[in-house]
Asks: 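Shown below is the structure under consideration.
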Amino acid sequence: MKDQDIIDLSWDEFDELRDPRPAANGFDAVVERAISRRGFLGGALAFGSGALAMGAGLMSSTAAARAEGMGFNFKPVDIATDHDIHVPEGYQWKTLVRWGDALFSEAQGAYSPETGVPVEMSDKVFGENTDGMETFVDGDKTVLAINSEYVNPKINLPATSEGMPQNADEVMMLKNMQGVTVVEVADNGDGYEVVVDSPYNRRITHETQMTMDGPAAGSDLVKTKADPAGLNPKGTMNNCGSGKTLWGTYLTCEENFNGYFGATGDYEVTEGLKRYGIGGEGRYAYEKFDPRYDLTQEPNEPNRHGWVTEINPLDPTSTPVKHTALGRFKHENAEMVQANDGRVVVYMGDDERGEFMYKYVSNGTYIEGGSTEGLLSDGTLYVAKFNDDLTGEWLALTPETTGMPIEDILVFARIAGSKVGATTMDRPEWIAANPLKVEAYCALTNNKNRGVKPNAGGDETPATGPNPRETNNYGQIVRWKPAGEDHGATEFTWDLYVMAGNPTVYDNAYAGSENVNAGNMFNSPDGMAFSSDGYLWIQTDGDDSNEGEFEGQGNNQMLVGNTETGEIARFLTAPNGAEVTGLTWSPDKKVAFVGIQHPGGSWPDGNGKPRSSVIAVWREDGALIG
């Protein structure tokens, strides 16, 4: 395959190169099965929800009175198909920061609409393809930590490179545009802006020195020629979702790390490489110019990525830590809560078709103001099993349950999950815990392979439990309630909060659940966050062609859900081509910071290259929105 073909693929399509879908399957004519929409909902959504009481005409996007009746303090917006942002009446938005914007004075003017950013300034500007983010406060200072998931070489590299790096400098440019940006922001009276040259401002890239802790740190699996002790990995990559610790640090999550490695010669094709989709050709040709990414020279380097990494955004001298106790897989985000006995619990999803949901539970307990040593390095990793009777359990991944050494369990968590019979899921993305009650939600974004073929480990993917639709191109959100209202419990009950779909195209299960209608429909729920009032904010990363089975769904969007009634309303639409991803709020909860990734056209500048950005959204009357 030509390099350029790889660049043009989505990450899911890139994974399909390693584990291709069958050319045909018995479910291609899915409508013919005429699955009962109401029959399905009677089993799943009836659990603990008022959603079934709502009719199909619930949410006309032009009915402001109904929106107010549902408890939403905005008039829902209609779909859009243009290259702009749309928010409700009475709200405003502005661009906070764009790819290439200077964090330091020396980089002022470094970005050019024609040429992008030169390599010598590429680690001194805001990164590319913004994703997860969190807000931190130090006295009267507001600091954001923001992920930059990946790059768009056709946009980021000089035109002469034709979308693929041609030398080590261009590889370095791409490395520097990814990772994490820590930046101070301040409201200057006309909305928030970046504080250039703030002592908090920092770029953490593929080249940043890190440390590693937990049971897999120092094991033979993570040792390399450059780091024979296996304790000092370099760089964090494909930083997707995020999280915030109880003690006020940032958790950045490494997702599609497999695409950064390749081979310039022969290498051993191991079970671990195959399960994680790592092959002989990397997405960005790093292996041609940096031996660290060459499987021929450093076969263990991939094992040093795919972790949850902790960063202290308020201490620019601190060294990031990769926590191996939380397992290695394609982390979407890390949602930290606390068990009733004080132990730390971290919920995590593995964002690949047919992979699993996990949680980590510490052995030690957290006390505010006390020591946090060992809380993310000493504990037990669990994987989820969902039963069809709306119950489930967390299965411990230990040497006794898996027959694997603990370091192997953590480095190859997927293999360990398969051994204990975890439930294959429809791409578990963001997990969000309700701040007002003991329950959590996971966005299962989509899975075209559901019921079509096994996952990369050979686990079957039947259409059952929380993944009820074969060839699922719409996605759903699963909700679970821990036994005894304790996040530390190993048993839970579950239901589906929403099943996305298109009721204007289908009249069966692919129309979606009863709380989906022509006025609020969407596909591929991805990012999620709870505001302090207990409302669930849902961001999408789906098909925005507005054609075929996605007709009428428009661009990707951000919606707000009432978790008591099941009602959902559209709050924001993104420019065509963009994903809406990452959400956090100002300390006073009056401003929402929202990520707009890989926009099309020339958004937001109106000329030149499109630029992923973080925008600020607020109410004109100054009221709370978060």
Asks: Residues two or more places apart in sequence or in another chain: which of them pass ring-ring contact (aromatic ring centres under 6.0 Å, His included) with Tyr347?
Replies: Trp394, Trp480, His487
Asks: Does either side chain, that of Glu567 or that of Thr565, offer a donor lying less than 3.5 Å from an acceptor on the other one?
Replies: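 The answer is yes; a qualifying pair exists.
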Asks: If the test is side chain to side chain donor-acceptor pair (under 3.5 Å), which one of Asn467, Asn447, Asp526, Asn446 qualifies with Arg427?
Replies: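 Among Asn467, Asn447, Asp526, Asn446, the one that satisfies the side chain to side chain donor-acceptor pair (under 3.5 Å) with Arg427 is Asn446.
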Asks: Indicate the ring-plane relationship of Tyr293 and His206, choosing parallel, tilted or perpendicular according to the 30° and 60° boundaries.
Replies: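 Ring orientation of Tyr293 relative to His206: tilted.
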Asks: Could you tell me whether Glu89 and Lys75 make a salt bridge, using a distance below 4.0 angstrom between a side-chain N and a carboxylate O?
Replies: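 Salt bridge flag = yes for Lys75 with Glu89.
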Asks: Between Tyr366 and Trp247 (judged by ring centroids, cut-off 6.0 Å), do the two rings come close enough to count as a pair?
Replies: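 Yes; Trp247 has its ring centre under 6.0 Å from that of Tyr366.
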Asks: Under a 4.0 Å N-O cut-off, is there an ion pair linking Asp605 with Arg611?
Replies: yes
Asks: Any Lys/Arg nitrogen of Glu134 or Lys244 sitting under 4.0 Å from an Asp/Glu carboxylate oxygen of the other?
Replies: no
Asks: In terms of side-chain heavy atoms, does Tyr260 have a donor or acceptor partner in Asn238 at a distance below 3.5 Å?
Replies: yes
Asks: Listing request: all ring pair (Phe, Tyr, Trp, His ring centres under 6.0 Å) pairs with a residue in residues 578-612, at least two apart in sequence or in separate chains.
Replies: Tyr192-Phe593, Trp537-Trp585
Asks: When you measure from the side chain of Asn520 to the backbone N and O of Asn515, does any donor-acceptor pair fall under 3.5 Å?
Replies: yes
Asks: Do Phe571 and Phe74 make the cut of ring centroids closer than 6.0 angstrom?
Replies: yes
Asks: Among residues at least two apart in sequence or on other chains, which ones pass ring-ring contact (aromatic ring centres under 6.0 Å, His included) with Tyr382?
Replies: none
Asks: Do the charged groups of Lys322 and Glu310 touch, with an N to O distance under 4.0 Å?
Replies: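 Salt bridge between Lys322 and Glu310, a charged N being under 4.0 Å from a carboxylate O: no.
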Asks: Taking only residues two or more places apart in sequence or in another chain, which ones pass ring-ring contact (aromatic ring centres under 6.0 Å, His included) with Tyr358?
Replies: Phe329
Asks: If you measure only the distance, is there a donor-acceptor pair under 3.5 Å linking the side chains of Asn256 and Lys330?
Replies: yes
Asks: Examine Tyr441 together with Trp430 and report whether their ring centres are nearer than 6.0 Å.
Replies: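 No, they do not, as the ring centres are separated by 6.0 Å or more.
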Asks: Apply the test side chain to side chain donor-acceptor pair (under 3.5 Å) to residues Thr540 and Ser524: give CA-CA distance (whole Å), side-chain angles for both, the deciding distance (0.1 Å), then the verdict.
Replies: CA-CA 6 Å; Thr540 71; Ser524 300; over 6 Å; no
Asks: Do Arg479 side-chain atoms and Val498 backbone N/O form a donor-acceptor pair below 3.5 Å?
Replies: no
Asks: Quickly, which of Thr581, Asp131, Asn239, Thr252 forms a side chain to side chain donor-acceptor pair (under 3.5 Å) with Asn147? Name it, please.
Replies: Thr252
Asks: Return the set of residues passing ring-ring contact (aromatic ring centres under 6.0 Å, His included) with Phe356 (not counting sequence neighbours), or none when no residue passes.
Replies: none
Asks: Of the options Glu128, Arg98, Glu149, Gln597, which is the one that meets Ser612 in a side chain to side chain donor-acceptor pair (under 3.5 Å)?
Replies: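 Result for side chain to side chain donor-acceptor pair (under 3.5 Å) with Ser612: Glu128.
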Asks: Any salt bridge between Glu355 and Arg414, counting N to O under 4.0 Å?
Replies: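 Judged by the 4.0 Å cut-off on N to carboxylate O distance, Glu355 and Arg414 do form a salt bridge.
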Asks: Which residues pass the side chain to side chain donor-acceptor pair (under 3.5 Å) test with Asp621, not counting sequence neighbours?
Replies: Arg619
Asks: So that I can tick it off, tell me whether Arg570 and Asp78 are bridged by a salt bridge, with the cut-off set at under 4.0 angstrom between side-chain N and carboxylate O.
Replies: no
